[in-house]
Amino acid sequence: MADYTKMWTDLGLNHENHNALLEYLGGAYQSIFMSQEKRPEGMSYFDFVISEAHGLRIKELCDEREAGRKVIGSFCVFVPEEMVLAAGCTSVGLCSGADFAQEEVEKVIPRNTCSLIKSFFGFNLGKVCPYMEVSDLIVGENTCDGKKKAFETFKDMVPNFYQMDLPQTKTPAGRQTLKLEFMRFLNQLEEMTGKKVTLEGLKEGIAITNAKRKALQRLATLRAADPAPISGLDALLINQVSFLDNPVRFTENVNKICDQIEVEIAANQGVKKAKAPRILLSGCPMAIPNWKLPTIIESTGAVIVGEESCIGERGLRNLTDDSANTIEGLIDAIVDRYFKIDCAVFTPNQERVEHIKEMKAKYNADGVIHYGLQFCQPYIMESFTVEKQLEKENIPVLRIETDYSQEDIGQLSTRVEAFVEIIK
Ligand code: BJ8
């Protein structure tokens, strides 16, 4: 990586903390990702993006800002990227997947808060996240109680916070709330940029976002092949990168790797290989560098063939209908698309269980591992329903509750190994 010290100083990062984080990330990446055998050639692009995630990518975002573009940071797949792009802005994800500055964090929010929330507080307090610092607007949403209440504190820690309200039921009133909030968000973007969003702009925003989701859906579908053509770790990484990278360039590179994988699958036809147990992972989102559980699972010889998660299929399942020819019509289409997201903050949320069953069948998984972050009430509560309903259909399930620490690796490995033995 080139020397970006000046850029990091200008962004207000704490060098000592930031260097410690980069060192940790680099080491973890080398040992987890680069040690895998027979990775698809196209992974080199995503390796490069990760190696420059705090360098070149941030430089690109700084350059975009200098050219007058605004950067919008968010923590949830409910923030509509179509609208961000239509307003001539760039969207980046701010969820983080590692503990940082925990002592400081626990002075401002309770200890028994989920790791994802504690992590972005830590990244902010430790001044180690260039994406947060480069954002012109930070959008927090009213989803789970943890985030909703934590944002009451977080909003005073950053100068540019925007709160988005979200419904919790799939009722007509819920849809109306979502539409009003999306329209308020669009107004906010227009106010920031001083420009009105046009029909063409919205069409383009939808086209770019749909193309990205189609490419990720293509990759997801290819994982149904047996043997799986890509590790779950690499597929997760690609999904994680989708929240940071330039969307058009990202889409091109996902399609490139899919082209290669298709060739590989064709070449493998008829070749008999020892079957690896196939796992569907379901539950809370896994932000970079939260690779703990997938690493444990794949080190047993099993392969993860799908992620029922917001950094995975829940975030990319539906496309936005682009057929309307009015701004209002396209806004309605965007609302319809997002209203289908089956996050556990919704009640009731039977669609999610149905999606897990569909994914299990589609990717020919032998079992489901439900991943809940400790203190994440929505997903941990739902994990019991998920388990009960899957077991009724004789689908093996393992419920895991963990956090970002490394302390439970031994215990998790034992449980995962035993589960993999059962489904073999
Ligand atoms: S649409 S899953 S990205 S809210 S892990 S902070 S739920 S206590 S992240 Fe999410 Fe949007 Fe839903 Fe997806 Fe709360 Fe649970 Fe923590 Fe979570």
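Just so it is clear, the model here is predicted, and its values are computed rather than measured. Remember, it's 1-based here, ligands and their atoms both numbered in the order they're listed.
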Phe78: numbered ligand 1 atoms lying under 4.0 Å from its heavy atoms: 1 (S)

Ligand 1-proximal atoms of Cys95, by part, heavy-atom distance under 4.0 Å: neither

Is the shortest side-chain N to carboxylate O distance from Lys107 to Glu104 below 4.0 Å? yes

Lys147 heavy atoms within 4.0 Å reach ligand 1 at atoms 4 (S), 6 (S), 9 (S), 10 (Fe)

Sort out for me which residue in Arg317, Gln350, Lys360 forms a side-chain hydrogen bond (donor to acceptor under 3.5 Å, both in side chains) with His355. Arg317

Contact check: Cys144 to atom 14 (Fe) of ligand 1, N/O/S below 2.8 Å: yes

For Cys310, the ligand 1 atoms with a heavy-atom partner under 4.0 Å come out as 1 (S), 2 (S), 3 (S), 13 (Fe)

Checking side chain to side chain contact (heavy atoms under 4.5 Å, CB included) between Met183 and each of Ile331, Val335, Leu178, which is the one that passes? Ile331

For atom 12 (Fe) of ligand 1, tell me which residue out of Ser309, Gly146, Gly372, Cys343 has the closest non-hydrogen atom. Cys343

Determine, for Lys179 against Glu328, whether the closest basic-nitrogen to carboxylate-oxygen distance falls under 4.0 angstrom. yes

Show which atoms of ligand 1 fall inside a sub-4.0 Å distance from at least one heavy-atom site of Cys114. 5 (S), 6 (S), 8 (S), 16 (Fe)

Electrostatic pair Asp336-Arg175, nearest N-O below 4.0 angstrom: yes

Are Phe250 and Phe243 an aromatic pair, judged by ring center distance below 6.0 Å? no

Show which atoms of ligand 1 fall inside a sub-4.0 Å distance from at least one heavy-atom site of Ile117. 6 (S)

Starting from atom 15 (Fe) of ligand 1, locate the nearest protein heavy atom and write down its residue, its atom name and how far away it is, to 0.1 Å. Cys376 SG, 2.3 Å

Can you list the atoms of ligand 1 that are under 4.0 Å from a heavy atom of Cys76? 1 (S), 3 (S), 4 (S), 11 (Fe)

Heavy-atom pair of closest approach, residues Phe78 and Met164: O-SD, 4.4 Å

Which atoms of ligand 1 sit under 4.0 Å from any heavy atom of Thr143? 4 (S)

Between Asn364 and Arg278, is any side-chain donor less than 3.5 angstrom from a side-chain acceptor? no

For ligand 1, which atoms, with element, lie under 4.0 Å from some heavy atom of Tyr379? 2 (S)

